[in-house]
Each structure stands twice: as structure tokens, then as C-alpha cells.
Amino acid sequence: MHASEPRHRSGVALKRLKLFLPLGLFLVLGGFLLVGLRLDPQALPSALIDKPLPSFSLPALGQERVVDQGMVTGEVSLFNVWATWCVSCRIEHPFLTELALNGLPIYGINYKDEDAEALRWLDELGDPYRLSIVDAEGSLGLDLGVYGAPETYVVDAAGVIRYRHVGVVNELVWAQTLKPIIDELRREQRAGDRS
Amino acid sequence: MIRALLLVASLALSGGALAVIETYEFEDESLRERFANLADELRCPKCQNQNIADSNAPIAEDLRKQLHAQLHEGRSDGEIVEYMVDRYGEFVLYRPRVNNVTLVLWGAPVILLALALLVLRSSMRGRAQAQEGTLSAEEQARLDALLADDEERA
């Protein structure tokens with residue numbers, strides 16, 4: 001009886017420790033759930049990050065010419081997917097115009113829209129775009145992995161997609177997300193030019 | 001009467017929850033089957049908890065159209081899935097592929113099952129030990145003697 005006592009005591013300690021198992025599990029699970037609460041389930045990383053713009057050959061809105069992926073690059077720019085049927089596009093439009101006035105090159109992708117409607121919209125609200133690519137069938141949108149307008153892509157000087165923002169571009173998104181990325185890309189570009 | 005009319009009107013006006021509106025023609029039944037399977041397995045990027053077979057989102061409609069066109073072009077299931085993943089990422093797969101990122105996802109059930117078996121085994125062993133081994137042979141003999149003694153007295 002006496003010989004078995006130390007083993008007995010350590011067994012009790014182990015049992016006591018086991019009582020904390022649910023608490024430990026709870027803390028781990030709670031930690032995961034807490035992180036989960038802060039994640040945006042709608043935020044989808046683009047599959048095209050760090051890949052070149054997909055090739056396309058589409059008409060430019062209101063012009064007689066056809067443009068492709070090669071002629072719209074050369075500097076850090078935004079590609080903004082928009083349409084007249086897209087309510088949020090109307091909301092972000094004034095801010096895009098402001099960005100364009102400050103010298104940021106923005107190219108439009110007029111996604112599954114009517115040319116006449118799109119031209120009227122630009123006439124009424126102003127045209128922030130260097131040019132708008134007419135993607136009436138949504139084929140370029142599909143190659144870009146667009147799943148709803150508005151979407152905005154940051155494309156670097158070499159024509160490589162570096163970031164995708166889904167939803168409205170406003171001052172907050174600009175200041176917190178897009179501007180830092182664009183500034184960084186411009187620094188990279190300048191560094192590349194010097195070397 | 002009015003109630004009946006209301007009922008009829010409400011039935012007539014409600015279109016029913018038809019998931020997929022457009023109809024597709026297929027050259028043969030095997031294509032139709034593959035279309036149904038792939039549409040079930042591919043997730044709609046816009047409405048995130050639906051597959052593209054069930055979703056009414058414009059993007060799901062586009063992807064169904066692509067799926068149909070590519071099946072008729074004679075592309076294999078793997079090629080079509082690759083096409084979707086290239087554009088929309090691994091996210092579009094309801095059955096994620098095994099790679100470094102999804103290894104935890106695929107491995108977790110196996111690891112959890114192994115853990116559960118370990119816990120089960122240790123608790124069964126504990127119980128077995130509690131049942132036997134509480135009395136030594138000497139103690140058992142004494143107990144038997146006492147019981148026999150008891151019976152004699154009774």
C-alpha cells in the first residue's frame with residue numbers, strides 16, 4: 001500500500017491537469033474564432049497577382065481603334081472595371097475623377113455594357129479614364145477573374161497586376177491601401193530605371 | 001372566396017425558386033453529366049456559399065456558359081478546372097486540391113481521428129485497471145474467507 005503512494009499522487013496531479021483540457025481547447029478555439037471575426041470573408045485574393053495582364057484585343061470606347069494589353073502600360077496605372085448598370089460605380093466615379101485630375105493614369109474596362117449608355121454616362125459625369133476598353137461580352141473580365149463591378153487593379157509599369165481591390169474606391173481605400181502600393185511600385189520603377 | 005382568390009393569385013405570381021434559368025443543349029448524355037458534375041463542384045466567386053449550378057449571380061451564369069462551351073470544345077475536366085483556377089484561384093474549388101496550403105485541411109481529420117483513438121485507448125485502459133487489480137491475491141483470499149465466514153453465520 002505504501003509503495004504505491006507516490007504513483008498514486010502523480011496520478012492525481014495528472015487528473016487535475018486533465019481538468020484544464022476543456023479550458024485549453026476553449027482558448028484555442030476561441031482564438032481561431034476571434035481571428036475569424038476580423039477576417040472579411042468577401043475578400044478574395046486575385047489569382048492574377050504578379051501575373052501580366054491577360055492578352056486581349058478589344059475596341060476602345062468611342063474610338064475607331066482596337067487596343068491590346070501592350071499599348072496601355074509604361075507607368076503604374078489603375079484598371080477600373082465599371083459599367084452603367086453598376087450602382088457602386090456611380091459612387092466611386094467622383095473620386096476616380098479626382099485621382100485622374102491629380103495625374104494618376106486610370107484605364108477603364110467597360111464591363112458588359114452598352115456603348116451608347118457608357119458614352120452618355122461619361123458625358124454626364126466626366127471621364128476619368130485615359131481610355132475605356134469595351135468588354136461587352138465580359139471576356140476580358142473573365143480572364144481577369146472579375147466577379148462583380150466595381151473592381152480596381154493596380155498594374156505596374158511592366159504591365160504586371162500587383163493588386164486587386166473589389167468594391168468602391170474611396171478616400172479611405174485610397175489612403176490606406178492603394179496609395180501605399182502605388183508609391184512603392186513607383187519607387188521600385190525609379191530604382192529599376194537608375195540601375 | 002377572397003381567400004381562395006388570394007391564394008390562387010399568390011401561387012400564380014410567385015415564380016418559384018428556380019435556380020438555373022437558362023437551358024443548355026448537349027450533344028450527348030455524357031457531356032450533360034460532366035456539366036452537372038462540374039457545375040456542382042465549382043464555387044461561385046460572388047455568392048460564396050453556392051456552387052455555380054445553384055447561383056443566380058451573373059458571374060455564375062457566365063461560368064456556366066464557359067463550362068458548356070469548353071465541354072463542347074472537347075476540353076477535359078482537368079483543363080476546365082485549371083482554366084477556372086487560373087482566373088478565380090483555388091477558391092472556386094469546393095473540393096480543394098492537396099498542396100502545401102491545403103495539407104492541414106486534408107490532414108486534420110486524420111490527425112483528429114488518431115488523437116481520438118489515443119484518448120479512447122487510454123481511458124479504456126484506465127477503466128480496465130480500475131476494475132481488476134484493486135485487490136491483491138492475499139486480499140482476495142481474506143475477502144473470500146470473510147465472506148465464507150459470513151455465510152456460515154447466517
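Letters go in sequence order (proteins before strands), and every chain restarts at 1.
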inquiry  = Under a 4.5 Å cutoff for heavy-atom pairs, which residue among Leu144(A), Leu142(A), Val146(A) has the most contacts with chain B?
reply    = Leu142(A)

request  = Apply salt bridge (charged side-chain N to carboxylate O under 4.0 Å, His left out) to Glu98(A) and list each qualifying residue two or more places apart in sequence or on a separate chain.
outcome  = none

ask   = Quick one: ring pair (Phe, Tyr, Trp, His ring centres under 6.0 Å) pairs with a partner in residues 22-47 of chain A, sequence neighbours left out?
value = none

inquiry  = Check for me, please, whether Val173(A) and Ile161(A) land in the same ILVMFWY cluster - side-chain distances under 4.5 Å, paths through other members count.
reply    = no

ask   = Which heavy atom in Gly89(B) sits nearest to a heavy atom in Ala47(A), and how many Å separate them?
value = N-CB, 3.3 Å

query = So if you build clusters from Ile, Leu, Val, Met, Phe, Trp, Tyr with side-chain heavy-atom gaps below 4.5 Å, do Tyr107(A) and Val168(A) land together?
reply = no

query = Are Leu119(A) and Val67(A) joined in one hydrophobic group, where the rule is that I, L, V, M, F, W and Y side chains link up if heavy atoms are under 4.5 Å apart?
reply = no

query = Quick one: do Leu53(A) and Val76(A) end up in the same hydrophobic cluster if we chain Ile, Leu, Val, Met, Phe, Trp and Tyr together by side-chain heavy atoms under 4.5 Å apart?
reply = no

What pairs of donor and acceptor atoms, side-chain ones from residues 176-184 of chain A against any protein atom, are under 3.5 angstrom apart with sequence neighbours left out?
from      : atom 1 : to        : atom 2 : distance (Å)
Lys179(A) : NZ     : Asp183(A) : OD2    : 3.1
Glu184(A) : OE1    : Arg187(A) : NH2    : 3.0

With 3.5 Å as the limit, can you list every donor-acceptor pair between chain A and chain B, backbone and side chains included?
from      : atom 1 : to       : atom 2 : distance (Å)
Pro41(A)  : O      : Gln48(B) : NE2    : 3.3
Lys112(A) : NZ     : Asp62(B) : OD1    : 3.0
Lys112(A) : NZ     : Asp62(B) : OD2    : 2.4
Asp143(A) : OD1    : Arg87(B) : NE     : 2.9
Asp143(A) : OD1    : Arg87(B) : NH2    : 2.9
Val146(A) : O      : Tyr88(B) : OH     : 3.0

ask   = Where on Val166(A) is there a heavy atom nearer than 4.5 Å to chain B: the side chain, the backbone, both, or neither?
value = neither

request  = Tell me whether Leu140(A) is reachable from Leu48(A) by hopping between hydrophobic residues (I, L, V, M, F, W, Y) whose side-chain heavy atoms are closer than 4.5 Å.
outcome  = yes

task = Please look at Val92(B) and chain A and tell me whether the side chain, the backbone, both or neither of the residue comes under 4.5 angstrom of a heavy atom of that chain.
result = neither

